[in-house]
Each structure stands twice: as C-alpha cells, then as structure tokens.
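We count ligands from 1, going down the list as the structure has it; atoms in each ligand are counted the same way.
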Amino acid sequence: MNKGNILIKNASEVVTCSGFEAKTGKEMSDLKIISDGAVIIEKGIIKAVDKTDKVLRFFEDTNNYQVIDASGKSVLPGFVDSHTHFVFGGYRAEEFCWRLSGISYMDIMQRGGGIINTVKATRAASQKELYNEGIKRLNSMLSFGITTVEGKSGYGLNYETEIKQLEVMDELDKTHPIDIVKTFLGAHAVPEEYKGKEDKFLDYIITEILPVVAEKRLAEFCDIFCEKNVFSIEQSKRLLLKAKEMGLGLKIHADEIVQLGGAELAAELGAVSADHLLQASERGIKEMARAGVVATLLPGTAFSLKEPYAKARYMIDNHCAVALATDMNPGSCFTESIPLIFALATIYMNMSVEEAISALTINGAAALNRAETIGSIDVGKKGDMSILEFPSYKYIPYHLGVSCVEKVIKNGKIIFDKER
Ligand code: NIG
Ligand code: FE
C-alpha cells in the first residue's frame, strides 16, 4: 500500500522551480530544470530529486514505493492558486450577460447586484450545501494540477455567515486532498443593513468578528476590497492594522478599477501580498518591490471585466515578485482554469512561460507565506506535484485552454489520474 512513497523516474524533465522564497526579476525565468529526472517522495515528503541514473544508483529498494515511469512527460510542482473566493452560494450568470451589454461591474454593484447578490445566496445556503458545492469546485481545481488553494470569506458580511464560510473551508480542508489556506474578507462590500454607514460596519467587523477569527484561528490572513465606492485607503488601513495586531497576515484587493494607492498602502503595512493591481502606480510597484510584497495578478478578472491588464512586465523588471492566481469567484471571474490564466499572462501580459510557471508555483507559495514548504520540487518540501501528458512545460499555454495534467500527486499519493 502506498504510504506516501513514490518514485518518479525517466521524466523528460523535472521542472523544480527550486527555491525557498519568492523569486524576483530574472530569477523568475530560471526554472532549474533537470532533464531525464527522477523524484523520490517518502512519507509524503520529497527525499531526492536529480538525474534518474543518479537517483537510482542510491535507491535499490523499490518494494515499498509506487513506481511511475514518466518517460516523455514533464513533472512540475503542484500549482498554488493564491487568490480565490471559491465558497459561495448561487450564481450570477445574468450579470455576465449584463456586462456583455455594456453595464460595468461597478455599476452592477452600485445597483445592489454583484457581491451583495452572492451574499444573499450565501446567507441562505446551509453549511452542507456550501460544502457540497465546495467539493465539486476543488475536484475541478485538482484536474488542473492545483494542490494548494487560498479561499476567502466575504459573502457573509455578518458574523454568522462569515464564520460559516470559514468553517466550511475548514471541513473541506480536512476531507479534500487539496490544502486550503483561509483568508477573512469580512470587508468585501458594505451590506444593505449598513448602507451609508461604512465606518460603523468596519467597527462591527473589528469588534465582533475579527477577534473571534483571530482567537479561533479561523483564518490566517485578513483582506479588504480597497476600491472607490467600497472601502477607502484610510478605512483599509484601520482594519488591516487591527488585523496585524491580532496576528493575521495581510492581503489587500488593491488598485483594481481606480488608482487609490492600495499598492503603496500594502508596502507601508508590510502586507504579504497586494492583489489585482490593474491600476497600480509605478511608485506603488517600486515600494512593493522594496517591501517584499508579492504582486498577485489575476488576468482572468481583467479579461472577464474587459479591463486593462496589470503591468506585469514593469513589475518583474522592477524586481517585484509576481504571482498569478485564478480569482475564482461567482462574479468577476468564474474559472478554475489554470491554462486560461497561462494563456492570458503570456499572450496579454507579456510574461514568458517560465515567468508564469514561477508565478503559479514558488511565488504563489510566497503569497501564502509557504515558500519554505511548497511551490517547488526541493528536498524537504511536501510531495505535491503534477505529471503532464507532454514532455515540456511549454505545452501548458500552447495547448490553449486545455489542461495537460495527467496525474496529480499530493503528499506522495496519486490523487488525480486522467487515465483512470
Ligand atoms: O477579486 N474585487 C472584488 N472581489 C472579487 C469579486 C467578487 C465578486 O464579484 O463576487 C474579485 O474580483
Ligand atoms: Fe478577489
């Protein structure tokens, strides 16, 4: 029986992405590839990675290991999707059509649709319903090679439902092989009962919900939608400083539609990541680079909202660590598709395929404070990886929109196999 012991041998390449911290600048292009590579995973942890002949020379006992011959196949670290909102009730397909007819995302939100629409459905959904939908979405993510996903609350906007969403993610983390990292996004929008009283709503979050989230460790990060007509820079700073005091890591939905200075705020507060950044200023980007804040770019959202893309080239050329994520959510970007994100990042944001791989592996891990344990194929890290049905990582964006992942291995066990 496989106890998390696997030997992968003869891989046409092992794309190690080797490293234990976020990659910046030219480092993002160096994937540290081993051709004709092998990997040994023992009890779920990577024990060796090298050329196949070298690994086999020191490894005779194959009895206790599941052996995979990966001839003609590429092996990559599991993808880390570091920004999603995957636990939610209801859908908003009609809003997608309204946007096609020219009504903007923010207009829909101003008219009481958008996030608030999902809040109603999520408040009405039972824990079991949210859990069952969550499992289906995680299974879909798995088929794209995602082995760790971040999930945000933010469709409750009250104590009961924010906690319900975080508890559902806890349950999912226990039962589904994908690891889930939880973020508290109570300040995702202003609920109808607090309309016009944004500061009162923030007081409520700070005094009634955040302390419970922190104390019970229901989330590792705190996030806020810092945007014109949602939460201002001052309000964002107020909440995030409190969250920091209570021991949470910081994330921020920053400079998505309007340039408010969210990138600068992320740098000032030492956030782990600032996300979206479609309108981020050059000064803000440079400050993020200096402060070591990961820029998490979500090109699926820019694409779906027909907004201009984030300046990925400028960020990478100015040594800001760039991560890519799906932003999977029921409104602005309803997708789990990693190949879609690759296509958009390479074709529209002028990232190289190598930079996109780094952005979805080691830099995604860094955006979740986990670069020391996941995001690369290095000895001592978790045995999380995928095997492609093609010999090179270059097939990922090349095979437009179609997943090339044949097998996914999590903690040394095969948990997805296209062939079965
Ligand atoms: O990251 N921009 C704000 N929040 C989400 C969208 C949430 C929704 O529309 O339901 C995002 O795009
Ligand atoms: Fe988001």
Side-chain angles (χ1 to χ4, degrees), residues 81-99 103-123 125 130 133 137 149-157 161-162 165 169 181-191 219 221-231 236 250-260 262 266 271-280 294-310 323-336 341 344 364 367-368:
D81 190 352
S82 62
H83 181 138
T84 85
H85 310 244
F86 80 96
V87 173
F88 56 84
Y91 289 95
R92 287 155 42 200
E94 69 292 343
E95 287 183 12
F96 182 79
C97 300
W98 295 344
R99 292 208 305 273
I103 309 173
S104 76
Y105 176 77
M106 289 311 279
D107 277 347
I108 294 170
M109 192 168 171
Q110 291 300 298
R111 294 179 199 182
I115 294 169
I116 295 301
N117 203 337
T118 300
V119 167
K120 286 183 191 139
T122 308
R123 285 181 180 178
L130 292 176
E133 288 302 306
R137 290 170 199 151
V149 69
E150 183 255 19
K152 301 176 195 292
S153 68
Y155 292 126
L157 311 183
T161 308
E162 286 294 312
Q165 272 191 281
M169 283 189 256
V181 179
K182 288 165 292 159
T183 295
F184 172 58
L185 178 57
H188 194 192
V190 181
F221 295 98
C222 181
D223 195 345
I224 183 163
F225 188 13
C226 176
E227 184 63 51
K228 186 175 169 206
N229 294 329
V230 191
F231 295 104
S236 303
L250 306 185
K251 290 183 167 285
I252 175 167
H253 280 65
D255 300 322
E256 180 182 351
I257 313 285
V258 175
Q259 188 182 104
L260 288 191
V272 176
S273 74
D275 304 34
H276 285 289
L277 301 169
L278 309 184
Q279 302 294 341
V294 177
T296 300
L297 307 186
L298 312 164
T301 312
F303 178 62
S304 170
L305 297 183
K306 296 191 186 178
E307 292 285 338
Y309 291 84
L324 286 164
T326 61
D327 195 19
M328 199 283 192
N329 75 72
S332 64
C333 187
F334 183 40
T335 189
E336 305 90 322
I341 302 305
L344 298 174
L368 298 179

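- In this structure, of P330, S332, G331, the residue bringing a heavy atom nearest to atom 12 (O) of ligand 1 is S332.
- Nearest N/O/S atom of H253 relative to the Fe ion (ligand 2): this is NE2.
- Under a 3.5 Å cut-off, the side chain of Q279 and the backbone N or O of V258 do not form any donor-acceptor pair.
- Looking from atom 9 (O) of ligand 1 to the surrounding protein, the closest heavy atom is Y105 OH, 2.5 Å.
- In terms of modelled atom types and a separation under 3.5 Å, the side chain of E150 and the main chain of V181 share no donor-acceptor contact.
- If you look at D327 and ask which of its N, O or S atoms sits nearest the Fe ion (ligand 2), the answer is OD1.
- Counting only heavy atoms of the protein, atom 2 (N) of ligand 1 lies nearest to E256 OE1, 2.9 Å.
- Judged by the shortest distance from any of its heavy atoms, I115 lies inside the 4.0 Å radius around the atoms of ligand 1.
- Numbered from 1 in the order shown, with element, the atoms of ligand 1 that lie under 4.0 Å from a heavy atom of R92 read 8 (C), 9 (O), 10 (O).
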Under the criterion side-chain contact (heavy atoms from CB on, under 4.5 Å), I'd like the reasoning laid out for V87 against R137: C-alpha separation, chi angles, the key distance, then a yes or no. CA-CA 9 Å; V87 173; R137 290 170 199 151; 5.6 Å; no
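- Atoms of ligand 1 found under 4.0 Å from any heavy atom of D327 (numbered from 1 in listed order, with element): 1 (O), 11 (C), 12 (O).
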Yes or no on side-chain contact (heavy atoms from CB on, under 4.5 Å) for E94 and N117, after CA distance, side-chain angles and deciding distance? CA-CA 11 Å; E94 69 292 343; N117 203 337; 3.7 Å; yes
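- Considering backbone and side-chain atoms together, T301 places no N or O closer than 3.5 Å to any N or O of ligand 1.
- The backbone N or O of L185 sits nowhere less than 3.5 Å from a side-chain atom of D223 that would complete a donor-acceptor pair.
- With hydrogens and angles ignored, the 3.5 Å screen pairs a side-chain donor or acceptor of T122 with a backbone N or O of T118.
- Only side-chain heavy atoms of Y155 come within less than 4.0 Å of ligand 1; its backbone N, CA, C and O stay farther off.
- Checked by atom type and distance alone, the side chain of E307 never pairs as donor or acceptor with a backbone atom of T301 at under 3.5 Å.
- Only the side chain of H85 comes within contact range of ligand 1, with a heavy atom under 4.0 Å; no backbone atom does.
- Residue contact check for ligand 1: H188 places a non-hydrogen atom closer than 4.0 Å to it.
- In this structure, the side chain of E227 does not engage the main chain of H253 through any donor-acceptor pair within 3.5 Å.
- Looking only at N/O/S atoms, H85 comes nearest to the Fe ion (ligand 2) through NE2.
- For F334 and F96, the distance between ring centers is not under 6.0 angstrom.
- Among the atoms of H276, some N or O lies under 3.5 angstrom from an N or O of ligand 1.
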Which is it for F303 and C333 under the side-chain contact (heavy atoms from CB on, under 4.5 Å) test, yes or no, and what are the steps along the way? CA-CA 8 Å; F303 178 62; C333 187; over 6 Å; no
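- Contact analysis puts H83 in contact with ligand 1, with a non-hydrogen atom separation below 4.0 angstrom.
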